[in-house]
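Since the structure comes first, as structure tokens, the remarks are kept for the end.
Letters A, B, ... mirror the listed sequences (proteins, then strands); counts begin at 1. Worth knowing before you read on, the calculation uses all heavy atoms, side chains too, and leaves out hydrogens, waters and symmetry mates.
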Amino acid sequence: MLHPIGWAAFGPPAENAAIARGVHPAVWTYDNIAQMKAQLRQLGFSYDWTREIATCDPSYYKWEQMVFTRMFEKGLAYRKSTTVNWCPSCETVLANEQVEDGLCWRCGSVVELKVMDGWFFKTTEYTEELLEYTNKLKDGWPERVLAMQKNWIGKSTGAEIDFPLEETVGGESGLRIFTTRPDTVFGVTYMSIAPEHPLAAQLIKGKPEEKEALKFIKRITKQSSLERIAEGAKKEGVFTGTFAVNPFTGGRIPVYIANFVLVEYGTGIIMCVPAHDQRDFEFAKEYGLPIVPVIEPEGTKLRAEDMTGAYEEPGVMVNSEQFSGLPSESGKEKIIEYIEKKKIGKRRVNYRLRDWGISRQRYWGAPIPIVYCDTCGVVPVPDKDLPVELPLDIEFTGKGGSPLAKAESFVNTVCPECGGKAKRETDTMDTFVESSWYFLRYASPHFNEGMFDKKEVGYWLPVDRYIGGIEHAILHLLYARFYTKVLRDLGMCDLDEPFTNLLTQGMVIKDGAKMSKSVGNIVDPDDMIKKYGADTVRLFMLFAAPVQKDLDWSDEGIEGAFRFLNRLWRLISDRFPKIEPLKGKTPDADKLSVSGKDLLTKVHKTIKKVTDDLEKFQFNTAIAVVMELLNDTSRIIPAGDEDVKVVRESVEAMVRLLYPIAPHVSEELWSELGYKGSLVDEPWLEWNKGLVAGAAITVVVQVNGKVRAQLTMDADVSDEEMKEAAFADEKVRGYLAGKEPRKVFVVPKKIVNIVV
RNA sequence: GCCCGGGUGGCGGAACAGGUAGACGCAAGGGACUUAAAAUCCCUCGGGUUCGCGCCCGUGCCGGUUCGAGUCCGGCCCCGGGCACCA
């Protein structure tokens with residue numbers, strides 16, 4: 001088993017601290033690491049510190065840079081100019097996954113849309129595989145995480161169809177659109193193109209509408225992503241002055257520029273069917289465009305003038321020439337077959353997922369290993385010159401963009417190919433790139449002939465048990481899956497997926513809100529450790545809620561955990577210090593009193609339950625049963641020496657069962673109990689199967705499904721004996737009142753239900 | 001709108017595989033110990049009813065299947081999360 005730890009050490013917080021307080025990001029980062037490390041050690045986590053890594057170390061990011069150059073060579077890393085998400089506060093570009101409701105995931109600022117050059121990873125190369133594997137991960141991943149990823153990938157099937165233009169524009173003789181509803185093609189009454197689409201400006205060139213349309217484009221493209229979303233209700237557009245032709249009807253179709261068309265999705269141009277698409281409907285109403293129904297619900301006639309909204313459900317095709325009368329679902333197929341035969345379009349699958357923009361206009365990150373040469377163009381840095389180290393001698397002003405771009409000695413370099421003057425790329429990589437492969441590095445953290453030792457990765461990976469927060473359901477978990485597949489295809493490993501089982505643990509909540517400095521509801525672990533000790537903190541956190549759920553921090557709750565450990569401590573040090581260690585010898589069951597025997601049974605049932613629960617990560621219930629055992633053990637009054645031994649056995653069991661949860665206290669009590677050496681060297685306890693199976697059982701007797709009596713019986717009781725005992729019971733007889741039972745159900749060793 | 005979760009005491013949460021609902025803990029109330037307090041220990045703690053034994057009701061709501069439903073099925077309501085002008 002490998003239980004490693006490391007630090008995602010790059011990122012804007014360190015740089016922001018440098019700007020605000022004049023501390024170098026590196027100093028700030030390593031200070032924080034030292035503090036965190038001390039805290040983790042105090043808490044007694046069993047990390048393998050020999051494998052510790054920090055992603056800001058050049059010996060780490062060097063390999064990431066090398067992989068970048070390989071990806072570049074394969075076209076999986078590429079540069080393009082496009083509309084990107086810009087966070088004005090972080091002063092950097094964000095990937096689509098890092099924008100939440102139009103706001104920056106990190107700082108919450110309103111994200112602006114900007115056209116910029118940047119580097120991208122071609123996640124879309126793996127879209128279908130990423131989607132397909134969500135089905136294979138089903139056994140180990142929470143349903144909702146997979147659902148989120150599927151959602152994010154957003155597969156939709158349909159067709160691309162070419163609509164010829166009346167006259168050629170900018171070298172284009174037609175407009176290609178994507179639709180999921182080819183069955184509605186006879187109802188097209190206009191088309192729309194995204195304002196950002198390069199062809200939009202071409203379509204209006206020289207037209208009377210040009211001036212008006214240009215103004216519109218300018219206004220819309222200036223809006224932030226938040227405005228574009230928020231104004232969702234209001235559909236706006238302008239006529240381009242250009243017409244296309246419906247290839248099915250030959251009809252003349254006006255082309256609009258419309259604010260609701262997304263340039264990045266599909267082809268950035270759509271056919272508009274107001275009768276069967278709500279958005280198209282609203283736009284048509286606004287601009288007085290015709291509405292032509294071509295799908296009708298079975299047995300109903302649709303009339304454009306009566307419609308108050310689009311009819312989006314399936315139905316029967318009408319007004320569609322030879323396709324009329326077909327159900328819309330099979331109509332889709334027929335239309336697609338038709339366009340493929342006539343070569344005016346083709347079947348097409350579209351995804352929402354877009355390529356991962358990894359350029360960050362920030363200093364504290366791994367430099368992108370690229371050099372720009374006037375002669376040779378874009379040149380990747382050769383392996384022998386890696387890593388491209390982040391220069392530490394930098395001035396942080398917080399103004400005017402990335403400090404890297406102003407570091408002359410960094411920027412100016414020579415071209416690795418021609419030796420001439422060249423300039424370095426000054427963008428750094430998104431920190432999610434580092435976190436996309438650190439788990440592989442753990443397999444061979446000190447390997448210096450490559451990113452990782454393939455043999456070691458083959459041995460340790462995939463991760464059997466990956467634990468992280470739900471907030472990375474899409475971000476980190478999608479990127480890591482993608483990156484792993486890239487590494488596989490570069491021949492570096494044989495993994496299809498990095499994480500077999502995923503456990504999304506909850507956050508610690510205080511007063512109904514996520515703990516944060518700005519809200520001021522922070523509970524400092526150091527304070528808690530000082531007051532109660534690490535074990536109390538551990539115990540409480542594991543006990544208060546199942547790991548998957550958020551944990552409500554409660555000052556009273558932690559007191560309860562503290563009380564429990566103290567009770568155990570007192571039981572051992574005050575009441576039973578003089579009894580000799582059992583050293584594995586179990587008391588003689590025959591010499592025990594009834595309560596002694598009950599306790600012995602309880603001890604072994606507890607061992608079984610804790611073992612099972614830990615296996616299932618159900619720490620809260622595991623702790624609860626140990627608490628029960630402590631209650632029972634404290635209450636017993638031993639009837640003889642053999643009973644005392646049971647108490648001793650119970651105490652020893654509790655200490656050992658609690659070891660993974662409260663290691664410090666357990667070790668201490670273990671030696672208090674007279675044992676030498678550490679519990680870490682002791683094997684896990686096993687329960688006595690005979691004792692657990694042979695224990696007396698409670699049989700419930702129901703009359704007409706209602707519980708009327710509880711009988712204590714032997715574990716090997718037969719159905720017949722259960723029945724007899726049930727009918728013999730006085731209380732039960734009272735309920736039967738002499739009536740003949742109509743039926744008797746017996747659940748072996750559990751229940752007798754008498755129906756009268 | 002679509003897709004996932006989830007609704008159990010005052011609270012956090014238990015309940016294998018349809019078989020005693022509320023384990024364990026917190027809070028609350030009462031009592032013991034103490035000059036007093038803290039700590040500790042004991043009792044009560046879903047609702048109604050009863051002097052009590054007990055009885056009736058109760059797992060968001062309505063219905064169904066079953067000898068028996070928190071658990072299964074159908075319909076609805078509410079809460080949380082994800083996606084969303086995705087053509």
Any residue meeting side chain to side chain contact (heavy atoms under 4.5 Å, CB included) with A/A147, in chain and number order, not counting sequence neighbours: none

Which part of the nucleic acid does A/T621 contact within heavy-atom distance under 4.0 Å: base, sugar-phosphate only, or nothing? sugar-phosphate

Does A/N631 reach a base, just sugar-phosphate, or nothing at all? Heavy atoms under 4.0 Å. sugar-phosphate

For A/V707, answer base if it contacts any base atom (sugar-phosphate contacts may also be present), sugar-phosphate if it contacts only those atoms, and nothing otherwise; contact means non-hydrogen atoms under 4.0 Å. sugar-phosphate

Let me know the distance between CE of A/M148 and P of B/G80, rounded to the nearest Å. 15 Å

In plain terms, say whether A/K609 and A/D613 are close enough for a salt bridge, that is, a side-chain N and a carboxylate O under 4.0 Å apart. yes

A/L475: partners by side chain to side chain contact (heavy atoms under 4.5 Å, CB included), with sequence neighbours left out: A/E97, A/Q98, A/W105, A/F432, A/H472, A/Y479

From B/C85, B/A87, B/A84, nucleotide with atom closest to A/N259 side chain: B/C85

Strictly under 4.0 angstrom, non-hydrogen atoms only: write out the protein contact profile of nucleotides 4-12 of chain B, one letter per nucleotide from the 5' end, B, S or -. SS------B

Keeping the roles fixed (side chain from A/Q149, backbone from A/A473), state whether a donor-acceptor pair exists under 3.5 Å. yes

Is A/K706 near enough to B/C57 that one of its side-chain N or O atoms lies under 4.0 angstrom from OP1 or OP2? yes

Each nucleotide N or O in nucleotides 38-44 of chain B that has a protein N or O under 3.5 Å away: list the pair and distance.
residue : atom : partner : partner atom : Å
B/C41   : OP1  : A/R567  : NE           : 3.4

Does B/C83 have its OP1 or OP2 closer than 4.0 Å to a side-chain nitrogen or oxygen of A/R352? no

Atom-to-atom span, CG of A/L353 to P of B/C83 - whole angstrom: 13 Å

Can I get a per-line list of side-chain donor-acceptor pairs under 3.5 Å for residues 537-549 of chain A, giving both atom names and the distance, sequence neighbours left out?
residue : atom : partner : partner atom : Å
A/R538  : NE   : A/I661  : O            : 2.9
A/R538  : NH1  : A/L43   : O            : 2.7
A/R538  : NH1  : A/G44   : O            : 2.9
A/R538  : NH2  : A/P660  : O            : 2.9

May I ask you to check if A/K150 and A/W152 form a cation-pi contact, with NZ or CZ under 6.0 angstrom from the six-membered ring centre and within 45° of the axis? no

Rounded interatomic separation in angstrom, taking CG from A/D612 and C1' from B/A14: 16 Å

Scan side-chain atoms only and decide if A/T633 and A/S650 contain a donor-acceptor pair under the 3.5 Å cut-off. yes

Return yes if some donor-acceptor pair links the side-chain N/O of A/S328 with the main-chain N/O of A/G315 below 3.5 Å, else return no. yes

Polar side chain donor-acceptor pair, A/R352 to A/N151, under 3.5 angstrom: no

With sugar-phosphate meaning primed atoms plus P, OP1 and OP2, does A/S192 contact a base, only sugar-phosphate, or nothing at under 4.0 Å between heavy atoms? nothing

Name every residue in residues 747-756 of chain A that has at least one heavy atom under 4.0 Å from any atom of RNA chain B, in order of residue number, or write none if there are no such residues. A/V747, A/K750, A/I751, A/N753, A/V755

Look at all strands and tell whether A/E628 reaches a base, only sugar-phosphate, or nothing, counting heavy atoms closer than 4.0 Å. sugar-phosphate

From CZ of A/F564 across to C1' of B/C26 the rounded distance in Å is 15 Å

Atom pairs and distances, side-chain donor-acceptor, residues 266-277 of chain A, under 3.5 Å, sequence neighbours left out:
residue : atom : partner : partner atom : Å
A/T267  : OG1  : A/R176  : O            : 2.6
A/T267  : OG1  : A/I269  : N            : 3.4
A/T267  : OG1  : A/I269  : O            : 3.2
A/H276  : ND1  : A/Y311  : O            : 2.8
A/H276  : NE2  : A/V294  : N            : 2.9
A/H276  : NE2  : A/I295  : N            : 3.0
A/D277  : OD1  : A/R279  : N            : 2.9
A/D277  : OD1  : A/R279  : NE           : 3.1
A/D277  : OD1  : A/D280  : N            : 3.1
A/D277  : OD2  : A/R279  : NH2          : 2.6

Just checking A/F562 against A/F564, ring centres under 6.0 Å apart? no

B/A23 to B/C33 separation - P atoms, rounded to the nearest Å: 29 Å

May I ask you to test the A/K616-A/T621 pair for a side-chain heavy-atom distance under 4.5 Å? no

Could you list the protein-to-nucleotides 46-53 of chain B atom pairs, N/O on both sides, closer than 3.5 Å?
none

Closest-nucleotide 5' rank along RNA chain B - winner of A/K609 and A/D280: A/K609

Under a 3.5 Å distance rule, please check whether A/D183 uses its side chain to pair with a backbone N or O of A/G331 as donor and acceptor. no

Could you check if the base of B/G48 is syn or anti? Syn means the glycosidic torsion is within 90 degrees of 0. anti

Partners meeting side chain to side chain contact (heavy atoms under 4.5 Å, CB included) with A/V747 (sequence neighbours left out): A/K750, A/I751

Using a heavy-atom cut-off of under 4.0 Å over every strand shown, decide if A/G560 touches base, sugar-phosphate, or nothing. sugar-phosphate

If you compare all heavy atoms of A/K605 against all heavy atoms of A/V692, which two are closest, and at what distance to 0.1 Å? N-CG2, 3.9 Å

Which residue lies toward the 5' end of RNA chain B, A/K731 or A/E559, if each is placed at its nearest nucleotide? A/E559

Going by heavy atoms in the side chains, are A/F248 and A/I344 under 4.5 Å from each other? yes

Any residue in residues 469-481 of chain A with a heavy atom nearer than 4.0 angstrom to RNA chain B? Just list them by number, or reply none. none

Aro-ring/base stack A/F260-B/C85, d under 5.5 Å, angle under 30°: no

Nearest-Å distance for atom pair CD/P, residues A/E100 and B/C83: 7 Å

Calculate the interatomic distance between A/N704 atom CG and B/G19 atom C1'; express it in whole Å. 15 Å

Compute whether any side-chain donor of one residue and acceptor of the other, for A/D355 and A/T124, lie under 3.5 angstrom apart. yes

Can you check side-chain contact (heavy atoms from CB on, under 4.5 Å) on A/K235 and A/E282, steps first, answer last? CA-CA 7 Å; A/K235 310 264 176 292; A/E282 286 166 30; 3.5 Å; yes

Counting heavy atoms from C-beta on, name the nucleotide in B/A21, B/G19, B/A87 closest to the side chain of A/Q702. B/G19

Rounded to whole angstrom, note down the C1' distance from B/G13 over to B/A21. 13 Å

Counting only side-chain nitrogens and oxygens, does A/N620 get under 4.0 Å of the OP1 or OP2 atom of B/A14? yes

Side-chain donor or acceptor of A/T83 paired with backbone N/O of A/L113 under 3.5 Å: no

Give each stem of RNA chain B as a range with a range, requiring at least 3 consecutive Watson-Crick or G-U wobble pairs whose two distances are under 3.5 Å. B:1-7 with B:77-83, B:10-12 with B:24-26, B:28-32 with B:40-44, B:46-49 with B:54-57, B:60-64 with B:72-76

Side chain of A/R708 only, please: which of B/G81, B/C56, B/C26 is the nearest? B/C56

Using the P atoms only, state how far B/A36 lies from B/U20, rounded to an integer number of Å. 47 Å

A/D714: side chain to side chain contact (heavy atoms under 4.5 Å, CB included) partners, not counting sequence neighbours: A/D716

Between A/W553 and A/D555, a side-chain donor and acceptor under 3.5 Å: yes

